[in-house]
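Encoded as structure tokens, the structure appears first; notes follow it.
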Amino acid sequence: MKGRSREEERRLADFFRGEIARLATRPVRLMEVCGTHTVAIFKAGIRQLLPPEVELVSGPGCPVCVTPNEYLDTAVAYSRQKDVIITTFGDMLRVPGSSSSLAAELAAGADIRIVYSPLDSLGIAAADPAKKVIFLAVGFETTAPTAAATVLAAEQAGLDNFYVLSAHKLVPPALRALLTAGEVQVDGLLLPGHVSAIIGEEPYGFLAREYGVPAVITGFDPLDILGAVYLLVKRIAAGEAALDNEYRRVVPPEGNPAARAVLDSVYGEADAAWRGIGVIPGSGLAVKAAYRRFDALAALPVTVEETKDHPGCRCGEVLRGVARPADCPLFGAACTPERPVGSCMVSVEGTCAAWYKYGAGRWQV
Amino acid sequence: MCLAVPAKIVDRVDMMATVEVSGVTRQVSLMLLPEAKVGEYVLIHAGFAIQTVDEEEARKTLELFEEMAGYEG
Ligand code: SF4
């Protein structure tokens, strides 16, 4: 929220805290779905501001974390081909696959380049027409339209050496899968603000309607998050299930239809595998037939090693909200951000990394 | 990964905009937000403008909370 004075901020924070404490008369568990929220919550020390009745658990909202080993193994296999340049967001580099990682391949001489925008891949492809440039298209609804737009831009530019390796994921089907499984009792959901900026409010309607779970679309300032916790606790105390939108300044009810149109022209819904959760129907995006020539998997056959998961890593349970990082025997010992065993420790938005970096607050003890 | 930052559009040529983020200018694509205008604040993610930041809604949200704090606090 912009344009507040410090005085206003303090008054609001006091109000939210006071009301949360007053209204939380029984233990409630709220899940923050988005990894960016997880980091914001730790940074601002939100957990320490809440009464012991209010527990925050992290959900499956870190795209790098939920990308399964098989995808990484495929990316590694491509990176070993001499005529391939991999472009990727930096987060993916150190995620361990079954037997290697992109960072290890880079050290061994593979041409892997970190980009800020998927569009950067096109300049790389134009400059090196003899090479095949494969962008690792990872991310939720926020990021997927940028990859789709890049495919359209590649088509307009007449590039025939640009490809995407899609592991895009959709948030609402994952929430449905978590609630259907019922493994973790969730009393309320903090919904990802920037995914919502694209998809709008409607795709979350089923949370209250079908599962009776209140949910709030919220931003990333500490006050946004406290305000969202307040709105959830208020709904729970009143026995109401509804969807609130605390982040109207960037989330209009309809989201961003232009971005969705770009997305829909290139990608169609497909089943997708999530680390720790398994295959969720309709939770991913696959390149449509009309753009097949940009789809790495369709256009560039590759042999991938057999996928193995690290036996000790509990990242999958952490992503489902049923285990805390501290429950993992490797946490902070064999597994640290410097030497990560699982993806939840690699990404800066991973729950294990956030616990390691910021300390777990009250919930560790 | 879904981090996005607000920035002000200072110039626009076709589908590319020059935006200013805390004093630094950057080129971003408007392919996902074709209606964006010079002078508006937009949210930037991975080199694309993905939404308009609505100052009016920001003020309304704040006022709503202020009002609640005033009545109930
Ligand atoms: S601490 Fe490391 S090994 Fe344990 S669950 Fe987290 S990422 Fe996996």
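Residue numbers start from 1 in every chain, and the chains themselves are labelled A, B, ... in the order their sequence lines are given, proteins ahead of strands.
Neither the backbone nor the side chain of A:Val115 comes within contact range of chain B; no heavy atom of the residue lies under 4.5 Å from a heavy atom of that chain. For a residue to count as touching a neighbouring chain, one of its non-hydrogen atoms must lie under 4.5 Å from one of that chain's; by this rule B:Ile44 touches chain A with the side chain only. Residue contact with chain B, scored on non-hydrogen atoms closer than 4.5 Å, involves the side chain of A:Pro63 exclusively. Proximity to chain B (any heavy atom under 4.5 Å) is restricted, for A:Thr36, to the side chain, taken from C-beta onward. Heavy atoms of B:Leu43 lying under 4.5 Å from chain A belong exclusively to its side chain.
When the candidates A:Thr150, A:Asp91, A:Asn256 are compared by the number of heavy-atom contacts under 4.5 Å with chain B, A:Asn256 comes out ahead. Taking chain B as the reference chain and counting heavy-atom pairs below 4.5 Å, the highest number among A:Val348, A:Thr146, A:Val195 is found for A:Thr146.
For the pair B:Ala46 and A:Pro118, the tightest heavy-atom approach, listed with the atom from each and the gap, is O-CD, 3.6 Å. Nearest heavy atom pair, residue A:Ala258 against residue B:Pro34, reads CB-CD, 3.7 Å. The minimum heavy-atom distance linking A:Leu152 with B:Met31 is given by the pair CB-CE, 4.0 Å. Residue B:Ser29 comes nearest to A:Leu119 through the heavy atom pair CB-CD1, 3.8 Å, listed as atom of the first residue, atom of the second, then distance.
Using a 4.5 Å heavy-atom threshold, the side chains of B:Asp54 and A:Arg248 count as separate. In this structure, A:Pro145 and B:Phe48 have side chains that are not in contact, with every pair of non-hydrogen atoms separated by 4.5 Å or more.
Around the OH atom of A:Tyr71, the shell of radius 6.0 Å holds more than 12 heavy atoms that belong to other residues, nucleotides or ligands.
Remark: B:Leu3 CG to A:Thr143 OG1 distance equals 10.0 Å, nearest 0.5 Å. Here the CD1-CG distance, from A:Ile198 to B:Leu32, works out to 6.5 Å after rounding to the nearest 0.5 Å.
There is a side-chain donor-acceptor pair under 3.5 Å between B:Arg26 and A:Tyr116.
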